[in-house]
Every structure is written in C-alpha cells, then in structure tokens.
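Below is one structure, written out as structure tokens; the observations come after it.
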Amino acid sequence: MFIIIVFFIGAGYFGANMFGGDPEQIAEVEGVSISGQTVQRRIDNMRQRDGAEFEKRYPTDASREQLRASIAQQLINQEVVNAGIAKAGMTASEQQVKQWIRTFEPFQLGGEYSSGQAREFLRANGWSEEYLNEYAQERIAAEQLQSGLNSSGFALDYEVETLYRLQEQTRDVRVLRVPVSSFSDDVSLDDSEIQSYYDKNKSRFMQPEQIDLKYVRLSADELIEAKKAEVTEEDIQAYYEQQKSSYSETGEIQVAHILIDNSVDGAEAKAEELLQQIKEGADFGALAKEHSSDTFSGENGGQLDWVDAVEQSDSSAGTGWAPEFEKAALALENQGDVTEVVETDFGFHIIKLLERREGETTPLADVRDEIVTKLATDLADEEFYSKESKLDEVLFEYGDDIEEFAQQAGLDVQETGMFSRESATGVAAEPALLEKAFSAQVIDSQQVSDKIVLSGKDIVYVTAQNYKAESVKPLEDVKPQIVATLTKEKAAKDAEAFANKVLEAMESGESVDDLIAEQELDWQENSALKRRDSGMDFALVSAAYQMSAPNGDEAARSVKPLFNGDYAVIELKAVNYPDVASMDEATKAQLQQTAKSLSVQAETSGVIEDFRNTVEVTQ
C-alpha cells in the first residue's frame with residue numbers, strides 16, 4: 001500500500017495548506033482548506049504524466065469521478081495525519097531538523113549539501129526558513145511514525161499460504177462475450193420515443209446561462225515583458241554590483257572538537273591538559289575518541305558536520321553552534337589549526353580546523369536574465385500602481401463607457417466571447433472574475449464594474465456585452481445525443497437478454513451453437529486461466545474470477561456485465577489450487593512482504609481513524 005504517511009505529508013513538497021480562499025472547498029481539516037482546484041491539479045499532473053494511458057485507465061465519467069473522490073480522500077487523510085501528529089505532540093529535535101535539511105534532495109548538488117542550492121530553492125518556491133523548519137519537523141515526525149508502523153507489520157504462515165493459493169490458482173473456463181455493438185444495428189426508434197425521452201429528461205439538456213464581457217485588464221506580469229526592453233546594460237551591471245552578496249555562495253567549514261562537559265570534575269583543567277598534549281604532538285582524533293564527552297563525534301575523531309562559515313545574525317542561522325564555539329572556530333584560518341580552550345554552556349572545548357571551502361560568486365552572465373526580470377518587475381510595478389490609481393480615479397466619471405474608461409490609462413478593451421460557468425477559459429475562468437460575471441451587478445448594469453482583483457497585481461474591470469439566461473436546448477440540437485443514448489440502452493437490454501437466453505439454454509442442456517452462430521459470436525476457452533493471463537481480455541478474466549468455485553463436478557454458469565457495458569456468459573468448470581509445498585523461497589519472501597504490507601496498511605488505516613477522532617474534519 002504505501003499511501004502511506006510519508007506520501008501524505010510530502011506529496012510534491014506542497015500540501016493542500018499551501019492554497020487558500022478556494023470557492024471550490026471540498027473539506028476543511030483543523031482550519032486547513034482542501035480545494036477542488038488542488039484535486040484537479042493532481043489529476044492534470046497524472047494526465048500529463050501518463051498521456052494516452054490515463055485515458056485508457058479512466059475512460060468514463062464514472063471512473064474519473066471515482067479517481068477524483070480517491071484523490072480528495074488522500075488529501076483529507078494527508079491533513080488528518082498532519083493535524084494528528086501535531087496534536088500527539090510528535091516533533092523532532094533541532095539536531096534532527098538540521099541533519100534532515102542537509103540531506104533534503106532539492107538542497108543537494110552533486111550528491112552533497114549546497115547552501116547556494118538551498119537558498120535558490122527557498123527563493124524560487126517562496127519558502128521562509130521558518131516554514132522549512134516546520135516542514136522538516138512534519139516530515140521527520142511522519143517518517144518516524146511510518147517507521148514504527150512498518151516495524152510492527154508481520155506475516156503469519158497461513159496468510160502467506162492463503163495468498164499463494166489465491167495468486168497462483170487457475171480456472172478452467174469457457175467464456176462468450178456478447179458485445180452491445182452487435183445489437184445496435186437492429187435497434188429502431190420512432191419520433192414519439194425520442195420526444196418522450198426529451199420531455200422526461202429536459203434537465204439533462206439545459207443550456208447554462210452565458211455571458212459575453214468586455215473587459216479592461218491591468219496585469220503586472222504582462223507589463224514585465226514590455227519593460228524588459230527598457231532595461232539597459234548599465235542598469236544590469238549596477239544592480240549586480242550592488243547585490244553581489246546575494247549571488248555569492250557562503251563558504252563552508254568543517255571542524256573537530258573535544259568536549260569536557262561541566263559534569264566532569266576539574267573539567268577546565270582536564271581540557272587544558274589535553275590541549276597541552278595536542279600542542280606537544282598528541283593525536284587529536286585519538287584524544288577525542290578517548291576523552292570527549294561528545295561520544296557521538298568522539299567515535300569519529302571529534303569530527304562535526306560541514307556548516308556555513310558565517311556567524312549567526314538576524315538574516316542568517318549561522319553555523320548553528322554555540323556563539324563562543326562559533327566565534328573561535330571561524331577564527332581558525334589554516335587546516336590543522338587548534339584553538340585555546342573555549343568555554344560554552346556545554347563545557348570546555350578544544351576545536352581543530354579540518355577544512356574550509358571558499359564560497360563562489362555566480363558570474364553575471366549566469367544571472368543576467370534573472371536581473372533583467374527583477375529590474376523589469378520593478379518598472380512594471382511602478383507603472384502598475386500608477387495606472388491602477390488612474391483607473392480608480394476615473395471610474396466614476398467614465399464608468400458608463402468602457403472604451404473611454406480604458407483610454408484614460410492607455411489600456412485596450414478586450415472581449416471574452418460568450419461563455420458559461422463551465423466553459424469559461426482564459427481570464428474568464430479566473431475564480432474572482434467568474435464569481436462576479438454572473439452577478440446581478442454585472443448582468444443588470446451597463447456600468448463598468450468595480451475593480452476585480454485576480455491576484456495581487458492583476459486586476460480587471462468588466463461590463464456585460466450580451467447575456468443569455470439558462471434555457472432548455474431545442475430538441476433538434478440534442479436529438480443525436482438522445483438517439484445515441486436510447487440506441488445504447490436498447491442494445492444493452494438486447495445483449496443482456498441474449499446472454500441470458502444462452503445461459504438458460506445451457507442450464508436446460510440444450511445446444512447453443514446455432515444460437516451464438518446467428519450473432520457471429522465464438523466461445524473462448526482456457527483450461528488454466530490465470531489472474532494475469534494476457535491471452536484473454538482483462539475484463540473477461542476479471543469477470544471469470546468474480547465467480548465462486550463450482551460445487552462438485554457440475555460447472556458454474558453466470559451472465560456477467562463487463563466494464564465497457566458488454567455482457568459475458570461464463571462457464572466455470574473448475575478452480576485449481578497449487579500445492580503450497582511447491583512454493584519457492586523467492587515467491588515466499590515476496591508474499592511475506594505483501595502480507596506484511598497488508599498488515600501495515602491495516603495499522604495505518606487504524607492510526608488515521610484514531611487521528612480522525614481527535615481532529616476536526618468538515619466535508
């Protein structure tokens with residue numbers, strides 16, 4: 001299964017809590033909104049990733065709706081786990097968070113932690129250090145919980161044997177597929193049937209209300225592209241020089257230390273004695289292993305992890321070491337240099353410089369496009385706010401003529417064309433505009449609307465050009481749809497009736513050869529059909545495996561509906577189970593893992609259910 005909790009917490013690095021204010025909210029967990037847009041985004045990602053395979057896997061409205069419900073439940077479970085972990089007080093230590101951050105994949109460059117890569121990721125994704133720490137704590141807590149669940153999973157021998165019998169069983173079957181399409185040509189419809197269906201199902205043929213808007217849009221993003229042409233090389237060079245520190249990667253430092261903590265009698269004197277031995281040529285690593293109170297680093301000669309070679313400040317977390325330790329360590333210049341005894345709240349330290357890595361400054365050529373965008377953004381923002389102010393100022397005076405209104409700010413009037421809530425695209429599909437478009441203030445007025453904020457620096461003003469109220473589509477427009485529906489319904493009934501006729505004849509001991517020959521159908525036989533048999537259509541295999549084993553020597557027979565609407569007559573002659581003693585070790589190990597996974601799945605479901613009892617979920 002491996003929904004599991006780590007997946008819930010970390011899907012795509014962004015959870016549902018990153019999106020807010022969605023009018024399509026489908027659930028709320030402890031104040032965190034889960035939206036229909038988030039669900040749709042997951043589906044769109046799947047469609048883009050899987051291509052044609054996605055359409056094969058989810059060919060119908062019902063299958064796609066089932067997928068939507070499944071993803072929505074995953075998102076709800078994800079937030080339930082988040083909230084449950086928080087309420088349970090599960091957290092991570094500062095050291096664990098620090099270690100997790102240094103191994104976080106997006107922060108890696110060439111397989112090693114890169115502070116520059118980390119800063120770039122945080123900047124590109126809008127993450128603050130506070131959010132990063134919270135995210136790391138959530139992931140660590142979730143991983144610990146999942147690790148505990150995984151270690152609790154187990155598999156009993158009888159479970160493994162049962163899985164083997166189910167997995168390796170075969171079936172002796174004879175299958176007759178009865179396609180609905182074989183009966184479509186014989187379906188006849190008269191006008192009265194079509195009219196009756198139309199009259200009874202008018203709600204299915206509603207033409208939703210539609211509107212055509214004229215609009216004036218002011219978008220900083222659109223202004224940025226125009227402003228890029230105004231940025232000069234002198235501007236770029238000047239900005240680069242002013243902000244060079246932002247394009248410089250912080251140097252890193254690695255040290256080793258010996259700690260004599262305060263609990264040791266004569267701690268300072270002992271540290272001084274060890275320092276003297278080091279000065280006289282004693283091996284630092286050996287002394288650390290023998291004497292350091294920090295036994296974790298002591299086992300490795302006192303070696304600590306690489307850290308940024310920068311002091312703690314309001315803008316930097318620094319090395320993460322105690323201030324006195326940090327100051328002394330950063331003062332070391334040459335590899336192998338050793339400090340005097342340094343006192344901190346933890347005790348007395350001797351620090352040795354193992355290695356320094358100098359920071360690098362990114363060349364201007366590598367960040368030129370970024371600087372151009374930044375300078376163009378500043379210019380665009382200035383123009384945006386100027387034009388926004390102008391539009392606010394003239395709305396009252398020119399609000400009865402959108403063309404004159406737009407001219408005051410040097411903007412163009414555009415038109416959406418007719419659209420409904422469901423068919424809206426482009427700017428019309430923006431939730432804020434869509435909400436206003438069908439309001440009485442827009443539909444019943446010739447005035448330019450109040451400002452509609454699409455995002456922080458993207459605004460639009462609209463006026464109705466044309467409006468059509470909700471209505472029933474004319475019969476002639478939907479007649480082909482009705483004919484197709486009725487034809488399929490009648491053909492399906494005929495296919496089912498034919499399948500049952502074949503079944504009844506077989507149950508009576510009659511020959512059905514002539515009956516199926518009339519429809520140009522053929523039996524498919526398999527004397528050892530497996531669950532994963534590629535020689536027979538999966539829908540037929542699935543239907544055959546839905547049947548219970550026959551009693552005695554008499555075959556079991558049934559009519560089964562298939563996934564695509566066809567029917568099948570299935571004759572199950574026997575179910576054959578493998579000898580458990582023939583199971584090889586590789587298969588046994590695989591099935592043990594499967595059984596254990598099922599056990600973990602059950603445990604995980606139980607944990608989620610327990611969390612649900614303590615977490616407020618509104619759907």
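The figures that follow rest on heavy atoms only: side chains count, while hydrogens, waters and symmetry mates do not.
- A salt bridge does not link Glu382 with Lys227: none of the charged nitrogens is closer than 4.0 Å to a carboxylate oxygen.
- One distance of note links CG of Asp305 with CD of Gln254; it measures 7.5 Å at 0.5 Å rounding.
- Here Asp221 does not pair with Lys457 in a salt bridge; the nearest charged N to carboxylate O distance is not below 4.0 Å.
- Taking every heavy atom of both residues into account, Ile253 and Ala329 meet most closely at CD1-O, 3.6 Å.
- The closest side-chain heavy-atom distance from Gln407 to Tyr398 is not below 4.5 Å.
- Salt bridge Lys451/Glu388: present, at least one basic N to carboxylate O contact under 4.0 Å.
- Lys228 has a carboxylate O that lies under 4.0 Å from a charged side-chain N of Glu225, or vice versa, which qualifies the two as a salt bridge.
- Under a 3.5 Å cut-off, the side chain of Gln465 and the backbone N or O of Glu415 do not form any donor-acceptor pair.
- Taking 4.5 Å as the limit, some side-chain heavy atom of Trp321 sits within range of a side-chain heavy atom of Val255.
- Under the 4.0 Å criterion applied to side-chain N and carboxylate O atoms, Glu233 and Arg368 are assigned as salt-bridge partners.
- Using a 4.0 Å cut-off between charged nitrogen and carboxylate oxygen, Lys279 and Glu340 count as a salt-bridge pair.
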Item to check | Arg68/Glu65 under side chain to side chain contact (heavy atoms under 4.5 Å, CB included): CA gap, chis, key distance, verdict | outcome: CA-CA 5 Å; Arg68 174 178 290 274; Glu65 190 57 38; 3.8 Å; yes

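- If you check the side chains of Asp261 and Ser263, you find a donor sitting under 3.5 Å from an acceptor.
- Checked by atom type, the side-chain pair Asp44/Gln48 shows no donor-acceptor distance below 3.5 Å.
- Tested against His349, the residues Thr344, Thr339, Asp294 include a single side-chain hydrogen bond (donor to acceptor under 3.5 Å, both in side chains) partner, Thr344.
- No hydrogens or angles considered: a donor-acceptor pair under 3.5 Å links the side chains of Glu241 and Gln237.
- Ring geometry for Trp127 versus Phe104: interplanar angle under 30°, hence parallel rather than tilted (30 to 60°).
- Side-chain contact check for Leu391 versus Gln408: every heavy-atom pair is 4.5 Å or farther apart.
- For the pair Leu304 and Phe325, the minimum side-chain heavy-atom distance is below 4.5 Å.
- Between Tyr135 and Tyr131, the angle of the ring planes stays under 30°, which puts this pair in the parallel group of the 30/60° scheme.
- In this structure, a donor-acceptor pair under 3.5 Å is present between the side chains of Glu280 and Gln276.
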